[in-house]
Q: 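Take this structure first; my questions come after.
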There are 2 protein chains.
Amino acid sequence: MKPLAGLRVVEGSAFVAVPFAGMTLAEMGADVIRFDRLKGGLDAKRWPVTASGESLFWAGLNKGKRSVAVDLSRPEGREIVTALITAPGPDAGLFLTNLRVRGWMDYPALVTQRPDLIMVSLTGTRRGEPAVDYTVNPGIGFPMATGSPGSEPVAHVLPAFDCIAGQMLVGTLLAAERMRLRSGRGQLAELALKDVAAALLGHLGIIGEVAVNGVDRPKVGNALYGAYGQDFLLACGRRVMVVGLTDRQWRELVRVLDMAAPLAELAARLGLDFAREGDRWHGREAITALFAPWFAARRLEEVGPLFDAAGLTWSVFRSFAEAVHEDPDLSPDNPMFSILDQPGIGPYPVPGSPVNWGACPRTPPAPAPVLGKHTEAVLADVLGMTTGQIGRLVAAGVVAAV
Amino acid sequence: MKPLAGLRVVEGSAFVAVPFAGMTLAEMGADVIRFDRLKGGLDAKRWPVTASGESLFWAGLNKGKRSVAVDLSRPEGREIVTALITAPGPDAGLFLTNLRVRGWMDYPALVTQRPDLIMVSLTGTRRGEPAVDYTVNPGIGFPMATGSPGSEPVAHVLPAFDCIAGQMLVGTLLAAERMRLRSGRGQLAELALKDVAAALLGHLGIIGEVAVNGVDRPKVGNALYGAYGQDFLLACGRRVMVVGLTDRQWRELVRVLDMAAPLAELAARLGLDFAREGDRWHGREAITALFAPWFAARRLEEVGPLFDAAGLTWSVFRSFAEAVHEDPDLSPDNPMFSILDQPGIGPYPVPGSPVNWGACPRTPPAPAPVLGKHTEAVLADVLGMTTGQIGRLVAAGVVAAV
């Protein structure tokens, strides 16, 4: 039994956040039904794609869901989606969406069919304007604080706010469901991607840094802000990141590099106390100049085992391909990964949930569904339709089944 | 009433992920008790800090919690923490941690005191090695795919994997609690920061891109991968990001820029069909060259209203200070923000939860506690201690209260 066994969630979505939320619920055992229009959602062909045009992105973010393909432009299709979202049952009536459909699919319409409906809706901005990770991130300041001093703004490649929002949708849905169980009340819970990002800007102290300290954080390359952490080039051409954020990390780094004496001299000269994380930050350029020759004289084969043996917090820099080929944590050596044969794509290493549940065995990731794969099964088991009724809907092109 | 009213969670933590998780639970109404050693946790002085050394970071990630300060090196202190974690009650017995304490504070020891304990534990790697966002990110490949082609690796500034893991902890805890309610079973649920990142590398299609396509994604600056999205410099020196990811976004962008005819000519010349997102990607450099003069001839005051009126998905680039000063979404104009008077720091704009709960009124953010502010109250109301018992523990230095 998985933690969310029995829970049924209907997802109307595209792109990262909501699909990631639905997939996470599916990994925890929920029956997640994603509906899409007949030709697939806005993300059906999202890159990266294979040579034949199959979306590795879609396959990645929709694993373990059931897929229903339905014509959303026709009243009969809309009735089916409404019925799926508002189907009875104490563990159903949960709708997760980022689609901006006004009228038949908004909360006021849906709640008339199920008064205790829980709908969790992600918008772009709090005013419902369009916004995506690619526009939210530049607007709140990260690209102008990223990269080498003097460089142009650098956007992140990971759609970080989408991923954070996606996980926040999971917690929001489960909290709303917990409340409904106790109070009988459903509700519409709404959040905006931009608000998720703006909240983090506050939570991480960055708004306070501007408003209280009057500081506009500059670009500092790959330095760890406010303590010591830096990247170094090795003799072999590889690059490593080392971190001295906590006292223990700093102490061990200094010990392994055998730098206690020169650092004491440097601290005295600069009037700093490197036992204090802020002083490590203030002295970072001089510290880095002191450490760099040590790294430049050594190869990764020497540094790696030395750092691991000392329990240092460090990593080598890798490209995506180097990471996939070099790091056993990104392969089935890690029980989180399996070689999964994804229809249309073939076998490749695919991750399941990162969570190890003590009371539930780890299960391998399930493939993403082919569009419409579960249309017939869902209409039968959720809506109680007969084979004949389903056949007529398929024949009329209201739904598609494969 | 808030969604998680009545739930009690004990948090033993430092830095981003677990504090963010606990704070999110507190925002949803849970009673979150963070315990720390007498001098504060590893993150007590984490930057950014104010001129007087108060951590804006700590204040940002611990809002609305109750703080207990206790000497974890003494048996009496450990007994108190054990008793807090394993206190009875159907809505208690929930422990969230990233501390690596073996022995008295690990799951096998704690579960002897409460068989249905739920413990959600975040580690660095799946083997329990130290890892932080600063080391996980370089190791899996993002910095080598970030920034301008040919540039050195660029680490992200947002601790994205920490934030994602933090939200995943929330969903994991609530799912485990839902399961316990139905089955009576508690459990240890463990996840590793590096696995969270590795899973995302798979979910987003990047592992497939390497393993199936044999492609090691190169640096592409601020271009939106796989469709069209690009940054442009304006006549006024400001920079904007515009996105043509969906067909609608692309169509409207072309319409507002009045580029249909030259784009058709360009597409014919290149043998591409810009109605296809992949073809927009293949032709992006030529498209950008075509669009750039339009932007270079216009100022933000002209472009902004035009784009907003057309409903384009776009943003201006801002520094953190520009964002805080220019954008009403990062101020109390946004109901998510309040001016909060944080003890030791003073009043500044602070965000509450991004979630708008239809059935629960929005509440302003609560301050972060001063270390030990709730020691007395928690020992009294959770452990049932008398004022005399608490006074003796304070006098003996086992706990600290303010």
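By convention in this document, chain letters (A, B, ...) are assigned in the order of the sequence lines, proteins followed by strands, and residues within each chain are numbered from 1. Because the structure is a prediction, the values reported are computed rather than measured.
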Q: Under a 3.5 Å distance rule, please check whether A:Asn222 uses its side chain to pair with a backbone N or O of B:Ala155 as donor and acceptor.
A: yes
Q: Counting only heavy atoms closer than 4.5 Å, note whether A:Lys63 contacts chain B via side chain, backbone, both or neither.
A: side chain
Q: If we ignore hydrogens and angles and just use 3.5 Å, is the side chain of B:Arg239 paired with the main-chain N or O of B:Leu233 as donor and acceptor?
A: no
Q: Checking A:Arg46 against chain B: side chain, backbone, both or neither under 4.5 Å from a heavy atom?
A: both
Q: What part of B:Phe142 is in contact with chain A, defined as an atom under 4.5 angstrom from a non-hydrogen atom: side chain, backbone, both or neither?
A: both
Q: Measuring heavy-atom distances to chain A, does B:Val212 have an atom under 4.5 Å in its side chain, in its backbone, in both, or in neither?
A: side chain
Q: For A:Lys194, is it the side chain, the backbone, both, or neither that has a heavy atom closer than 4.5 Å to a heavy atom of chain B?
A: side chain
Q: Who among B:Asp231, B:Val350, B:Val210, B:Asn334 has the most heavy-atom pairs with chain A under 4.5 Å?
A: B:Asn334
Q: Keeping B:Gln187 on the side-chain end and A:Ala359 on the backbone end, is there a donor-acceptor pair under 3.5 Å?
A: yes
Q: Is the shortest heavy-atom distance from the side chain of B:Phe15 to the side chain of B:Leu61 under 4.5 Å?
A: no
Q: If you count heavy-atom pairs under 4.5 Å between each of B:Gly171, B:Gly139, B:Ala160, B:Gly202 and chain A, which one has the most?
A: B:Gly139
Q: Would you check if the side chain of A:Ser55 reaches a backbone N or O of A:Lys45 as a donor-acceptor pair within less than 3.5 Å?
A: no
Q: Which atoms of B:Arg182 are under 4.5 Å from chain A, going by heavy atoms: the side chain, the backbone, both sets, or neither?
A: side chain
Q: Under a 4.0 Å threshold between the charged nitrogen and the carboxylate oxygen, would A:Arg126 count as salt-bridged to A:Glu190?
A: no
Q: Going by ring pair (Phe, Tyr, Trp, His ring centres under 6.0 Å), name the residues that satisfy it together with B:Phe20, two or more places apart in sequence or in a different chain.
A: A:His203
Q: Need one label for B:Leu188: side chain, backbone, both or neither, based on atoms under 4.5 Å from any heavy atom in chain A.
A: backbone
Q: With a 4.5 angstrom heavy-atom cut-off, which part of B:Thr246 approaches chain A: side chain, backbone, both or neither?
A: side chain
Q: Would a line drawn from the ring center of A:Tyr225 to the ring center of A:Trp281 be shorter than 6.0 Å?
A: yes
Q: Counting heavy-atom pairs closer than 4.5 Å to chain B, which one of A:Glu209, A:Met28, A:Met168 comes out on top?
A: A:Met168
Q: So which of A:Ala175, A:Cys360, A:Gly6 has the largest heavy-atom pair count under 4.5 angstrom toward chain B?
A: A:Ala175
Q: What part of A:Val324 gets within 4.5 angstrom of chain B, counting heavy atoms only: side chain, backbone, both, or neither?
A: side chain
Q: Among the options A:Gly205, A:Pro19, A:Pro218, A:Pro365, pick out the one with the most heavy-atom pairs lying under 4.5 Å from chain B.
A: A:Gly205
Q: Given a strict heavy-atom distance threshold of 4.5 Å, which part of A:Leu181 is in contact with chain B: side chain, backbone, both, or neither?
A: side chain
Q: Where does B:Ala51 contact chain A at under 4.5 Å (heavy atoms): side chain, backbone, both or neither?
A: backbone
Q: Determine whether a donor-acceptor pair (N or O, by modelled atom type, separation under 3.5 Å) exists between the side chain of B:Ser183 and the backbone of B:Met179.
A: yes
Q: Looking at chain A, which one of B:Val196, B:Leu158, B:Asp247 has the largest number of heavy-atom pairs inside 4.5 Å, strictly under?
A: B:Leu158
Q: What part of A:Thr146 gets closer than 4.5 Å to chain B, counting heavy atoms only: side chain, backbone, both or neither?
A: both
Q: Please determine, among B:Phe57, B:Trp58, B:Trp357, the option with the most heavy-atom pairs under 4.5 Å with chain A.
A: B:Trp357
Q: So what's closer than 4.5 Å to chain A heavy atoms on B:Leu200: side chain, backbone, both or neither?
A: side chain
Q: Verify side-chain contact (heavy atoms from CB on, under 4.5 Å) between B:Asp195 and A:Val355, making sure each step is shown before the conclusion.
A: CA-CA 9 Å; B:Asp195 277 356; A:Val355 183; over 6 Å; no
Q: Ignoring hydrogens, what is the shortest heavy-atom contact between A:Ile206 and A:Arg217? Give both atom names and the distance.
A: CG1-NH2, 3.5 Å
Q: Between A:Pro351 and B:Ala199, which heavy-atom pair has the shortest distance, and what is it?
A: CG-O, 3.4 Å
Q: Walk me through it: do A:Leu7 and A:Glu177 pass the test side-chain contact (heavy atoms from CB on, under 4.5 Å)?
A: CA-CA 10 Å; A:Leu7 197 73; A:Glu177 199 267 342; 4.0 Å; yes
Q: State, to 0.1 Å, how close A:Ser319 and B:Asp216 come at their nearest heavy-atom pair, and which atoms those are.
A: OG-OD2, 2.7 Å
Q: Atom OG of A:Ser331 and atom CD of A:Glu326: how far apart are they, to the nearest 0.5 Å?
A: 12.0 Å
Q: Please flag which part of A:Met119 lies under 4.5 Å from any non-hydrogen atom of chain B: side chain, backbone, both or neither.
A: neither
Q: Report which part of A:Pro143 has an atom under 4.5 Å of a heavy atom belonging to chain B: side chain, backbone, both, or neither.
A: side chain
Q: Could you tell me which of A:Val16, A:Val154, A:Val170, A:Val157 has the largest number of non-hydrogen atom pairs under 4.5 Å with chain B?
A: A:Val157
Q: With chain B, which of A:Val136, A:Thr50, A:Leu201 has the greatest number of heavy-atom pairs at distances under 4.5 Å?
A: A:Thr50
Q: Under 4.5 Å from any heavy atom of chain B, what part of A:Val316 do you find: side chain, backbone, both or neither?
A: backbone
Q: Looking only at the aromatic ring of each residue, does the gap between the centers of B:His325 and B:Phe320 stay below 6.0 angstrom?
A: no
Q: Does any backbone or side-chain atom of A:Val49 lie under 4.5 Å from a heavy atom of chain B? Answer side chain, backbone, both or neither.
A: backbone
Q: Heavy-atom pairs under 4.5 Å with chain B: which of A:Gln342, A:Glu277, A:Arg185 has the most?
A: A:Glu277
Q: Where does A:Ala59 contact chain B at under 4.5 Å (heavy atoms): side chain, backbone, both or neither?
A: neither
Q: Quick check for you: among B:Leu245, B:Asp43, B:Asp327, B:Val240, which has the greatest number of heavy-atom pairs under 4.5 Å with chain A?
A: B:Leu245
Q: Given heavy-atom pairs under 4.5 angstrom as the criterion, report whether the side chain, backbone, both or neither of B:Pro153 touches chain A.
A: both
Q: Only counting residues at least two apart or in another chain, list the ones meeting ring pair (Phe, Tyr, Trp, His ring centres under 6.0 Å) with B:Tyr107.
A: none
Q: Looking only at the aromatic ring of each residue, does the gap between the centers of A:Tyr134 and A:His156 stay below 6.0 angstrom?
A: no
Q: Among B:Ser148, B:Gly29, B:Ala189, which residue has the highest count of heavy-atom pairs closer than 4.5 Å to chain A?
A: B:Ala189
